[in-house]
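Some notes on the structure that comes next.
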Amino acid sequence: MSKKRIGIFGSTGSIGRQALEVIAAHPDRFEVEVLTAQQNADLLIEQALLFSPNAVVIGDESKYAAVKDVLFDKGIKVFAGPAAMVEVAAWESIDLMLAAIVGFAGLAPTLSALEQGTPVALANKETLVVAGDIVMATARRKNVPIIPVDSEHSAIFQCLLGEPAARVEKIVLTASGGPFLGKKTNFLINVKKDHALQHPNWSMGAKISIDSATLMNKGLEMIEAKWLFGLDAAQIEVVIHPQSIIHSMVQFTDGSLKAQMGLPDMKLPIQYAMGYPDRLSNDFPRFSFKNYPSLTFEQPDIKTFRNLAIATEVLKKGGNAACVMNAANEEVVNAFLKNRIGFLQMTEVIEETLVKIPFMEKPTLQHYYEADTAAREHAAELIHSLT
């Protein structure tokens with residue numbers, strides 16, 4: 001069996017680093033074709049020296065020389081800048097693109113890979129949140145699979161195998177509730193980033209950790225699920241499951257439920273997506289009911305964590321609303337991580353940005369880019385007024 005050549009776009013982030021652990025554990029199945037990073041040149045160099053890819057791309061062009069000086073003599077091609085990221089994503093030598101670039105920046109390279117006909121393991125939920133209609137239409141036109149890497153969507157993907165789409169009544173996305181489960185507004189007003197980054201179950205990057213704390217991550221996942229699985233808003237439900245053992249469920253028209261379970265370890269859905277359609281063996285820790293005598297569920301508190309309610313309305317509204325919401329959210333999370341605004345102010349900025357930016361029911365790709373820019377500019381103005 002020939003090795004699957006993987007292009008990891010966002011290799012220095014949490015998903016990218018864990019994907020390389022999976023590749024290292026299965027050297028007979030995978031090899032690294034491309035590695036990319038935006039800023040972390042030192043780690044990119046370290047990864048490249050270890051895995052010997054055909055090429056690397058550093059998004060920050062000011063760091064090109066530093067990367068090239070180390071890797072050029074090793075026979076590794078070095079490129080820099082956003083345009084290079086898009087061009088390399090279209091290389092025929094990539095058998096599977098792992099799309100792990102954080103945020104809106106992941107959209108263009110993912111579309112480039114799909115246009116080339118390259119299967120995508122999607123860890124960047126914002127790509128579908130922003131332009132899910134265009135991304136999925138491209139995948140269908142090119143007859144290319146998009147395999148979800150998010151633990152929740154991987155769970156749904158696995159539960160749906162062999163099941164007719166018409167038999168799906170609804171899906172149930174599970175959420176841990178984040179570090180502030182059960183807390184109220186009077187507590188959240190004083191929350192700082194160090195506390196918000198302490199996710200109880202998962203080891204994740206800073207952006208997704210903050211999104212999990214505000215429940216925006218679950219809102220983004222609802223929108224992602226709509227496009228991945230062809231669902232209506234009414235078919236998507238969220239429940240709080242603090243133990244993070246059931247990663248999500250599908251309910252069918254006969255009332256039966258399928259659930260995918262396991263310990264909270266992102267390497268498992270990463271390995272599943274990279275190995276698909278095979279299910280590869282591993283030595284990861286195993287779940288035992290002895291250690292989890294009780295699995296609990298409750299409804300999310302959308303009055304306190306309003307981001308989930310906002311995302312639900314955006315899901316129903318469609319058009320460019322999700323693009324606007326996502327852009328504002330990326331801006332406020334960045335500001336919160338820099339201690340420029342408070343925890344609850346993030347939601348306020350998102351709400352005001354959605355009101356300000358004109359709604360468009362059937363946007364083109366260019367319209368999405370314009371809405372993203374406009375939303376970021378308005379959110380930045382609001383953030384500045386709060387600091």
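- T347 has its side chain within reach of I310: a pair of non-hydrogen atoms, C-beta onward, lies under 4.5 Å apart.
- Side-chain polar atoms of Q158 and R279 form a donor-acceptor pair below 3.5 angstrom.
- Between the H384 side chain and the E381 main chain, no donor and acceptor come within less than 3.5 Å of each other.
- Residues passing the side-chain hydrogen bond (donor to acceptor under 3.5 Å, both in side chains) test with E31, sequence neighbours excluded: none.
- Among all heavy-atom pairs drawn from P82 and E61, the shortest one is CD-OE2, 4.1 Å.
- Here the side chain of K193 pairs a donor or acceptor atom with the backbone of L337 at under 3.5 angstrom.
- Residues in residues 119-133 take part in these side-chain hydrogen bond (donor to acceptor under 3.5 Å, both in side chains) pairs, two or more places apart or across chains: N124-T127, K125-D150, K125-N217, E126-K207, D133-Y368.
- For F343 and F180, the ring centers sit closer than 6.0 Å to each other.
- The ring-ring contact (aromatic ring centres under 6.0 Å, His included) pairs that include a residue from residues 152-179 are F157-Y276, where partners are two or more places apart or lie in different chains.
- Sorted by first and then second residue, the side-chain hydrogen bond (donor to acceptor under 3.5 Å, both in side chains) pairs involving residues 70-85 (not counting sequence neighbours) are N54-K77.
- Although no hydrogens or angles enter the test, the distance criterion places no donor-acceptor pair under 3.5 Å between the side chain of H241 and the main chain of H247.
- Panel note: side chain T353, backbone V349; a donor-acceptor pair is recorded below 3.5 Å.
- Residues P242 and T296 are in side-chain contact: their nearest non-hydrogen atoms beyond the backbone lie under 4.5 Å apart.
- The aromatic rings of F187 and H195 stand perpendicular to each other, their planes meeting at an angle above 60°, with 30° marking the opposite boundary.
- In this view, K316 satisfies the side-chain hydrogen bond (donor to acceptor under 3.5 Å, both in side chains) rule with no residue, not counting sequence neighbours.
- Residues P300 and V239 have side chains not in contact (no heavy-atom distance under 4.5 Å, counting atoms from C-beta outward).
- Remark: the backbone N or O of Q18 is not paired with any side-chain donor or acceptor of K267 at under 3.5 angstrom.
- Looking at residues two or more places apart in sequence or on another chain, you find a side-chain hydrogen bond (donor to acceptor under 3.5 Å, both in side chains) between Y64 and K68.
- F284 and V149 fall into different hydrophobic clusters, where Ile, Leu, Val, Met, Phe, Trp and Tyr residues are linked whenever their side-chain heavy atoms come under 4.5 Å apart, directly or through other members.
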